[in-house]
Amino acid sequence: MPRLLASPRAAATSAGVGLLLVVASMVVPRLLDEDVRVHWPPLHADWDPRIGVLTVPAVVLGLVLVLLLPRLARSAPWRAVLLTGFTATWLWIMALALTEGTDGLARVFERRQEYVYDAQSVGSIHTMLQTFVDRIPFDAPDNWYVHVAGHPPGALLYFVGIDRLGITDPFWIGVVCVTIASTAIVAVLLTLRTLGSEQLARSAMPWIVLAPSAVWMGVNGDAVFTAVAAWGLALLAVAAVHRRVLPAIGAGVLLGYCVYLSYGLVLLGILAVAVLIIARTWRPLPWALGGAGVVAALFTLGGFAWWEAYPVLRERYYAGIASERAYSYWVWGDIAAWTFTVGLAVWAAFPYAAKAFRTNVLVQLAAAALLTIAVATLSGMSKAEVERIFLPFTIWVVTLPSLLPGRWHRPLLLSQVVLALCAQQLLLTRW
């Protein structure tokens with residue numbers, strides 16, 4: 001694709017701003033002697049270097065992908081590009097996680113605060129839905145653990161479904177999550193091709209695969225939410241461009257279900273509107289709303305009312321650690337934490353993206369995702385832990401470095417790999 005005439009100095013300045021933000025997020029709590037309620041600001045992690053023999057396969061794979069992916073993205077047949085994107089994503093996520101052995105996937109799902117513990121105690125799904133809101137408050141008898149309480153029951157139902165399929169080992173639960181999460185890249189590429197061009201989608205593929213967000217993809221529920229959201233938006237794009245009813249209904253079902261996976265995913269409405277504006281049609285909207293309405297009706301008839309649960313969740317949120325996390329820090333500290341998932345390559349691309357906004361679909365979708373992230377941060381309902389919370393929006397932003405001059409691509413892809421390896425090997429993340 002043609003490169004845009006933007007200043008390399010502007011790219012360097014923008015990346016420098018991102019770096020300064022990250023440094024400030026680390027230094028300010030120490031200078032002010034302020035406890036921002038994470039162990040290694042701005043990430044929910046601990047400093048725990050543990051480089052070992054299992055690091056070697058991840059390093060080798062990362063280097064191979066840096067060398068091969070740009071070439072394959074340019075020259076392979078389209079279906080091969082999709083398959084390569086999925087396979088490379090799966091391998092890269094697994095290689096990073098397995099630097100710690102099987103514990104790299106299993107650790108998160110073994111924690112009582114996660115979904116699996118509560119999912120394995122669910123008997124009747126109908127009873128679970130009817131009593132779900134009652135079990136959100138801290139002082140409720142048999143209250144839900146942190147993540148189940150903090151999300152609508154759609155998230156818990158996903159893990160109940162895995163349990164009912166007989167997948168109970170935390171490692172294999174992790175493998176399932178990685179596999180589902182890895183399909184998100186296919187949805188994003190199809191969306192870019194549908195709304196823009198195949199060349200645009202091809203250029204984005206290596207950047208999605210090697211984004212540092214791979215450290216967090218596959219080892220938490222939000223990675224699965226990312227895939228569901230991406231497929232919902234992909235179906236909406238197909239419905240808008242090709243004027244198909246079934247994809248519109250399917251988009252509504254998936255995006256509607258997202259609202260029952262995480263309260264914050266109601267903000268996907270910004271990206272959905274962006275898709276329709278780019279496609280220059282509102283035709284799919286009634287059908288999509290109908291699909292979403294069916295999902296809402298099923299949950300409501302089952303006994304769970306979203307609008308009743310959210311105020312109760314807010315009370316629990318602010319009764320817990322969120323009340324001790326200062327908004328004055330996290331309103332910008334969130335962006336510093338998010339920077340670890342996108343890398344400075346994305347910051348470097350911002351000036352190029354600004355010049356391309358009017359004509360480039362990739363930039364327009366990324367801008368909608370950035371607006372979503374800004375709204376989520378300003379809301380105060382996402383203070384810390386955004387390295388996982390923002391994943392459904394982040395996947396649209398990590399495509400931006402494809403706009404940068406071609407001679408920068410391999411060095412910057414390598415920088416993404418190095419950042420992912422450092423985050424994985426030097427920090428013990430909570431996800």
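Inter-residue side-chain proximity for Arg164 and Val122 is flagged as met; some heavy-atom pair is nearer than 4.5 Å. Under the 4.5 Å side-chain criterion, counting only non-hydrogen atoms from C-beta, Met217 is not in contact with Trp90. Residues Leu156 and Asp118 meet the side-chain proximity criterion, which asks for heavy atoms closer than 4.5 Å. Side-chain contact check for Phe225 versus Leu391: every heavy-atom pair is 4.5 Å or farther apart. Under the 4.5 Å side-chain criterion, counting only non-hydrogen atoms from C-beta, Leu265 is in contact with Pro392. Counting heavy atoms from C-beta outward, Tyr115 and Asn220 have side chains that stay 4.5 Å or more apart. Leu96 has its side chain within reach of Trp92: a pair of non-hydrogen atoms, C-beta onward, lies under 4.5 Å apart. Side-chain atoms of Trp338 and Thr377, non-hydrogen and from C-beta on, never get closer than 4.5 Å to each other.
The closest donor-acceptor contact from the side chain of Gln364 to the backbone of Ile278 lies at 3.5 Å or more, if one exists at all. Using a distance-only test at 3.5 Å, with no hydrogens or angles considered, no donor-acceptor pair links the side chain of Thr399 to the main chain of Ile395. His151 places a side-chain N or O within 3.5 Å of a backbone atom of His147 that can act as its donor or acceptor partner. Side chain of Trp347 to backbone of Leu19: no donor-acceptor contact under 3.5 angstrom is found. Listed for the Arg410 side chain is a donor-acceptor partner under 3.5 Å among the backbone atoms of Leu67. Distance alone, capped at 3.5 Å, is enough to place a donor-acceptor pair between the Arg325 side chain and the Lys383 backbone. In this structure, the side chain of Ser14 does not engage the main chain of Ala11 through any donor-acceptor pair within 3.5 Å. Between the Tyr329 side chain and the Asp334 main chain, no donor and acceptor come within less than 3.5 Å of each other. At least one donor-acceptor pair closer than 3.5 Å links the side chain of Ser182 to the backbone N or O of Val178. Formation of a donor-acceptor pair under 3.5 Å by the Gln424 side chain with backbone atoms of Thr99 is not found in this model.
Other residues, nucleotides and ligands contribute at most 12 non-hydrogen atoms within 6.0 Å of the CH2 atom of Trp172. Counting heavy atoms of neighbouring residues, nucleotides and ligands inside a 6.0 Å radius, atom CZ of Arg111 exceeds 12 of them.
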Before giving the answer on side chain to side chain contact (heavy atoms under 4.5 Å, CB included), spell out for Leu63 and Val417 the whole-Å C-alpha distance, their side-chain angles and the decisive distance to 0.1 Å.
CA-CA 8 Å; Leu63 292 174; Val417 167; 5.8 Å; no
Please test Trp332 against Ser25 for side-chain hydrogen bond (donor to acceptor under 3.5 Å, both in side chains), starting from the C-alpha separation and ending with a verdict.
CA-CA 8 Å; Trp332 60 272; Ser25 70; over 6 Å; no
I would like to know whether Thr429 and Glu387 meet side-chain hydrogen bond (donor to acceptor under 3.5 Å, both in side chains); could you show each step before the answer?
CA-CA 10 Å; Thr429 68; Glu387 52 269 28; over 6 Å; no
Steps toward side chain to side chain contact (heavy atoms under 4.5 Å, CB included) verdict (Val294, Tyr257)
CA-CA 10 Å; Val294 169; Tyr257 192 69; over 6 Å; no
Could you check Phe171 against Glu110 for side chain to side chain contact (heavy atoms under 4.5 Å, CB included), going step by step and ending with a plain yes or no?
CA-CA 9 Å; Phe171 172 77; Glu110 291 172 341; over 6 Å; no
Let me see the working for Arg74 and Arg202 under side chain to side chain contact (heavy atoms under 4.5 Å, CB included), right down to the final yes or no.
CA-CA 6 Å; Arg74 285 192 304 268; Arg202 286 173 178 271; 5.9 Å; no
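Listed by chain and residue number, Val228, Trp231, Leu235 satisfy the side chain to side chain contact (heavy atoms under 4.5 Å, CB included) test with Leu254 (two or more places apart in sequence, or in another chain).
Contact record, Gly85 with Thr89: O-OG1, 2.7 Å, taken as the closest heavy-atom pair. Of all heavy-atom pairs between Ala279 and Leu195, the closest is CB-CD2, 4.0 Å. Leu43 approaches Ala337 most closely through the heavy-atom pair CD2-O, 3.8 Å. Of all non-hydrogen atoms in Tyr352 and Pro8, the two that sit nearest each other are OH-N, 3.9 Å. Ala229 and Leu255 get closest at one heavy-atom pair: O-CD2, 3.9 Å. Pairing each heavy atom of Pro137 with each of Asn143, the nearest pair is O-CB, 3.2 Å.
Within the cation-pi definition used here (under 6.0 Å to the ring centroid, within 45° of the axis), Arg388 does not qualify as a partner of Trp216.
Leu421 contributes atom CG, which lies 9.5 Å from atom CG of Leu426 (distance to the nearest 0.5 angstrom). Taking CG of Leu267 as the start and CZ of Phe390 as the end, the distance is 9.0 Å to the nearest 0.5 Å. To the nearest 0.5 Å, atom CG of residue Leu413 and atom CG of residue Leu69 are 8.0 Å apart. The OG atom of Ser203 lies 6.0 Å from the CG atom of Leu362; values are rounded to the nearest 0.5 Å. For the atom pair CG (Leu261) and OH (Tyr158), the distance works out to 10.0 Å, reported to the nearest 0.5 Å. Between the CG atom in Leu276 and the CG atom in Leu236 there is a gap of 4.5 Å [rounded to 0.5 Å].
Ring geometry, Tyr145 versus Tyr117: the interplanar angle exceeds 60°, so the pair is classed perpendicular (tilted spans 30 to 60°). Note: Phe304 and Phe299 have perpendicular aromatic rings, judged against thresholds of 30 and 60 degrees for the angle between ring planes.
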